[in-house]
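Have a look at the structure below, then the notes.
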Amino acid sequence: MNAAVQFVHEQLTAKRNHPKFKAGDNVTVNYKIIEGGKERIQGFRGDVIKIQGVGATMSFTVRKISDGVGVERLFPINSPNIESIILNKVGKVRRAKLFYLRERSGKSARIKEKRM
Amino acid sequence: MKGIIGKKIGMTSIFAADGKQTPCTIIEAGPCVVTQVKEAGKDGYSALQLAFGDKKDKHANKAEANHFAKAQTAPKKFVKEFRDYSLTKNLGETITVDIFAEGETVDVVGTTKGKGFQGVVKRHGFSGVGQQSHGQHDRQRAPGSIGNSSDASRVFKGMRMAGRMGGDRVKMKGLKVVKIFAEKNYILISGSIPGHNGSIVYIQK
């Protein structure tokens, strides 16, 4: 990343201490939702299938199966609406983008867990 | 009018407290030196000539070197005149990003990225043929008819056709100044601006 862009990013983005995660990990994203003037926190638990971008524009996609339907949600990692990210499981995968999971379902859509 | 010369650095985005994300462009603007003051009485119109970006002495010819010496400054790479400047500045004074304030709307002038020789679909937004079959062997992106038959017997001037695209001077109007880093001469402007990173842009109001 360009030094000037890095400088601006450091000045304007508040430092957050989210755990380090990568594609294949199972995470819970606690996201602030404002409904009818009220604020509440909603958890979204699933597998990270993509981490995209650098610096302030970095984002990640979480995929979960909800009532048999695949649901994907994209979060900007620097969004102030992310209350916290919890790392549940570390996955053992061989690529950075797990789009192949979209064509799979059931047992074949599982990700092996990496035991520490 | 007030204005400054700058260099496009790159893009980033800013998050507001409510989570709203604003994409913005970083421009390194100024400091610019006033190298000539034009007055209505003497020159026929009023303007300020600003210069930006140092260059080596050996790259300036005698005319340039002496012109910059009048303003007591090193030779500069880029020179631009701003008509009817609203701030009064004298020869040799510097202009920095401080002339703008956060939240102000400005216009940004730049040169768009060159795209080379492009067809009508990309260059003018034609929709193409829209069919794969019914005789469309290899003309899905063709322009179609360019005119009438014997009445006219010519193609009208200005007919949109394939050709060189990009590399045009473009003015983006009404962009918002999001943030200013005066000590680094950076100015952040909402949205994208024309040109590649490192290209010269004029910020004006």
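Because only heavy atoms are used, hydrogens play no part in the values below, and waters and symmetry mates are left out as well, while side chains stay in. Numbered from 1 within each chain, the chains take letters A, B, ... in sequence-line order.
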Can you tell me how the ring of His124(B) sits relative to the ring of Phe126(B), calling it parallel under 30°, perpendicular over 60° and tilted otherwise?
tilted
Going by salt bridge (Lys or Arg N to Asp or Glu O under 4.0 Å), name the residues that satisfy it together with Arg169(B), two or more places apart in sequence or in a different chain.
none
Please state whether the side chain, the backbone, both or neither of Asn197(B) comes within less than 4.5 Å of a heavy atom of chain A.
neither
Using heavy-atom distances under 4.5 Å, tell me whether Ile14(B) contacts chain A through its side chain, its backbone, both, or neither.
side chain
Measure distances from Lys184(B) to the heavy atoms of chain A and classify the residue's part below 4.5 Å as side chain, backbone, both or neither.
side chain
Please find out if less than 6.0 Å separates the ring center of Tyr31(A) from that of Phe75(A).
yes
By salt bridge (Lys or Arg N to Asp or Glu O under 4.0 Å) - contacts of Glu35(A) (at least two apart)
Arg40(A)
